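This is a predicted model, so every value here is computed, not measured.
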Amino acid sequence: MPAETTMHRVFCQNLRSMRAAGSLTQEAMADRLGMTQPQYAKIENGSHVPSLVTVERITIALGVSVAELLGSAHPMKQRSA
């Protein structure tokens, strides 16, 4: 299991809630992503960190932005010039 970060935990929580809000089962979501339900479940439960390509496919399948999917786990700090 990968080391859990705040961003990863927020990603998994948001993924689960956004999928449920769209009335999608894990199987339906996996089908949209071209993977099996067990593969998708590992992403949703945090035991597998998806590639950036998969994250992009997830956002398309859910109709959300990457920012929405990642939530506000790490607000960006303003850099001083």
Side-chain angles (χ1 to χ4, degrees):
M1 182 174 230
E4 185 174 274
T5 64
T6 301
M7 185 177 289
H8 186 229
R9 186 172 64 261
V10 168
F11 167 81
C12 294
Q13 290 169 347
N14 288 347
L15 178 56
R16 190 176 310 112
S17 65
M18 289 176 175
R19 175 186 55 77
S23 300
L24 294 168
T25 63
Q26 283 189 348
E27 187 172 335
M29 188 66 180
D31 195 46
R32 287 184 179 196
L33 299 172
M35 61 179 63
T36 66
Q37 182 276 328
Q39 288 172 316
Y40 174 78
K42 287 180 181 181
I43 294 171
E44 193 173 284
N45 73 27
S47 65
H48 176 76
V49 177
S51 69
L52 289 175
V53 170
T54 300
V55 171
E56 181 179 31
R57 291 172 58 191
I58 288 168
T59 63
I60 292 167
L62 292 173
V64 300
S65 69
V66 173
E68 290 171 305
L69 189 56
L70 294 179
S72 59
H74 295 288
M76 292 183 64
K77 294 181 181 176
Q78 292 254 335
R79 288 186 178 183
S80 56

- Item | Residue pair Y40 / R19: nearest heavy atoms and the distance that separates them |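 Residues Y40 and R19, closest heavy atoms: OH-CD, 3.5 Å.
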- Task: Could you pull out the closest heavy-atom pair between N45 and C12, with the gap in Å?
- Result: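 Shortest heavy-atom contact: C-SG, 4.5 Å.
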Do [X] and [Y] come within less than 4.5 Å of each other through their side chains, counting heavy atoms only?
X: I58; Y: M29; value: yes
X: V49; Y: F11; value: no
X: V55; Y: L70; value: no
X: E56; Y: V66; value: no

- Query: Is the closest side-chain donor-acceptor distance between T36 and Q39 under 3.5 Å?
  - Reply: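 Short answer, yes.
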- Query: For residues Q37 and E27, is any side-chain donor paired with an opposing acceptor at under 3.5 Å?
  - Reply: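 No.
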- Query: Would you find a donor on one side and an acceptor on the other, under 3.5 Å apart, between the side chain of T54 and the backbone of P50?
  - Reply: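 Flag not set: sc T54 to bb P50 has no pair under 3.5 Å.
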- Query: Within the side chain of R16, is there an N or O that forms a donor-acceptor pair under 3.5 Å with the backbone of E44?
  - Reply: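 Yes: the side chain of R16 pairs with the backbone of E44.
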- Item | Rounded distance [0.5 Å steps], OG1 in T59 versus CE in M18 |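 Going from the OG1 atom of T59 to the CE atom of M18 covers 10.0 Å.
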- Query: Got more than 12 heavy atoms from elsewhere within 6.0 Å of CD, E68?
  - Reply: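 Count over threshold, so yes.
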- Cluster question for you: counting only ILVMFWY and a side-chain heavy-atom cut-off of under 4.5 Å, with indirect links fine, are I43 and I60 together?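 Cluster IDs for I43 and I60 differ.
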- Query: Given L15 and L62, is the side chain to side chain contact (heavy atoms under 4.5 Å, CB included) satisfied, shown in steps?
  - Reply: CA-CA 9 Å; L15 178 56; L62 292 173; 3.9 Å; yes
- Could you check R32 against L24 for side chain to side chain contact (heavy atoms under 4.5 Å, CB included), going step by step and ending with a plain yes or no? CA-CA 10 Å; R32 287 184 179 196; L24 294 168; 3.6 Å; yes
